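Report on the following structure.
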Amino acid sequence: MKKFIDFRSDTVTRPTKEMEEAMFSARVGDDVFGEDPTVNALETKLAAMFGMEAAMFTPSGVMANQIAIKVHTQPGDEVVCDKLAHIYHYEGGGVAFNSGASVRLLEGDYGRFTAEQVRANINNPDDVHHPLTRLVVVENTCNKGGGSIWDIREIQKIRQVVTEKQLKFHLDGARIFNALAETGEHPADYGALFDSVSICLSKGLGAPVGSVLMGDTDFIYRARRVRKVMGGAMRQIGYLAAAGIYALDNHFDRLKEDHHRAKILARHLEQQPYVEKVIAPQTNIVIFHLSQGLNELDFLNKLKEAGILAVPFGRGVIRMVTHLDISETDLEAALKVLSALK
Ligand SMILES: *Cc1c(COP(=O)(O)O)cnc(C)c1O
């Protein structure tokens, strides 16, 4: 089989030898009975890191977000998020499907909106015409925003509005560790601001499966019921939790390497005649626009023939993501291919 350099996503990574060893030697039990010691250790570890009361393992980041939305809302409520939000674009319409809620989209700056925008988009709860605004969701980093990082001071301002208007506040932190690696902020800085936080172990951290949802004890108590209904309560998943613990302990510090490689890749792409514009990457996601008239699928086929994989990200737009399995050598090889592309 031909070996591709795979920039499609930071989810394509395979467990390292050391991670596999941690998985194989995990102590396990039935997590539906709350008896898997490794899952319990992972949940305790993350809750402590973020300074939140409780945590719950989920099979995917989508499920973590969808459970949070379900717990925070009632059918007919409205969820406020950016127009680029993952919960809106990439979760199969789950906000409507699972929670019967509608979505109010804000026009942000690469996925980042302001407290003023939130304030201006909260419906008057005394006017029965409008859905009840219930939940605000922030995505940090923002995937469709090119891995953009939020300014925590704006999130603090949004928190004030959320508190004043008695709303709930959820962080889709699938890639929060990429943000933290760049800003040097602490996970607890984020835990203090949100009612619930989801994180992905299977993105930049390089675990094969898994996400974790955090919140206060009552929130997680209710989240466990929703997870069960969704079929996401699993048994001896300590094997997966062990990969997550290993990833948190060993793969956080190296995220900056991915960010560095993304910057090199972006600078290189800027110089290519077939590229019109590259969104300057702040973390590990490089989004670029092809020159006028070039079709993204044709371009991706050419790229694939040359041994590189990427994904389409809208009309004439391509996304490439750096990760654990893109080495310095892989990057150099990819840059050569990109220069030689006709
Ligand atoms: C990947 C991702 C998720 C979760 O997606 P899964 O495919 O379920 O892991 C959620 N939010 C964002 C911003 C993501 O990038």
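Keep in mind it's a predicted model, so treat the numbers as computed, not measured. Any value given below was found using the heavy atoms of this structure, including those in side chains, with hydrogens, waters and symmetry copies removed. Counting convention: from 1, in listed order, for ligands and their atoms alike.
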TODO: Kindly indicate, with the supporting measurements, whether the criterion salt bridge (Lys or Arg N to Asp or Glu O under 4.0 Å) is fulfilled by K302 and D298.
DONE: CA-CA 6 Å; K302 269 210 152 110; D298 295 341; over 6 Å; no
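- At under 3.5 Å, not a single nitrogen or oxygen of S211, backbone or side chain, sits near a nitrogen or oxygen of ligand 1.
- Residue V62 has at least one nitrogen or oxygen atom sitting less than 3.5 Å from a nitrogen or oxygen atom of ligand 1, judged on distance alone.
- When each atom of ligand 1 is checked for a heavy atom of H86 under 4.0 Å away, the hits are 1 (C), 2 (C), 3 (C), 4 (C), 5 (O), 10 (C), 11 (N), 12 (C), 13 (C), 14 (C), 15 (O).
- The pair D82-R104 does not meet the salt-bridge criterion, since no charged nitrogen lies less than 4.0 angstrom from a carboxylate oxygen.
- At a 4.0 Å heavy-atom cut-off, ligand 1 touches N65 through the side chain alone.
- No N or O atom of E139 sits closer than 3.5 Å to an N or O atom of ligand 1.
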TODO: Show your reasoning for whether salt bridge (Lys or Arg N to Asp or Glu O under 4.0 Å) applies to D249 and K45.
DONE: CA-CA 10 Å; D249 289 343; K45 182 183 177 75; 2.7 Å; yes
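- Using a 4.0 Å cutoff on heavy atoms, M63 does not count as a contact of ligand 1.
- Defined by atom type and a distance below 3.5 Å, a donor-acceptor pair is present between the side-chain atoms of Y90 and K144.
- Distances between N or O atoms of R175 and those of ligand 1 include at least one value under 3.5 Å.
- Using bins of under 30°, 30° to 60° and over 60° for the plane-to-plane angle, the ring pair F177/F252 lands in the perpendicular bin.
- At the shortest separation from atom 11 (N) of ligand 1 among protein heavy atoms lies D172 OD2, 2.7 Å.
- A salt bridge links E164 to R119: one of the charged nitrogens lies within less than 4.0 Å of a carboxylate oxygen.
- Under a 4.0 Å criterion applied to the non-hydrogen atoms of K203, ligand 1 contributes the atoms 1 (C), 2 (C), 3 (C), 4 (C), 5 (O), 14 (C), 15 (O).
- Below 3.5 Å of separation, one finds an N or O of G61 facing an N or O of ligand 1.
- Residues I279 and F7 do not share a hydrophobic cluster, defined by chaining ILVMFWY side chains whose heavy atoms lie under 4.5 Å apart.
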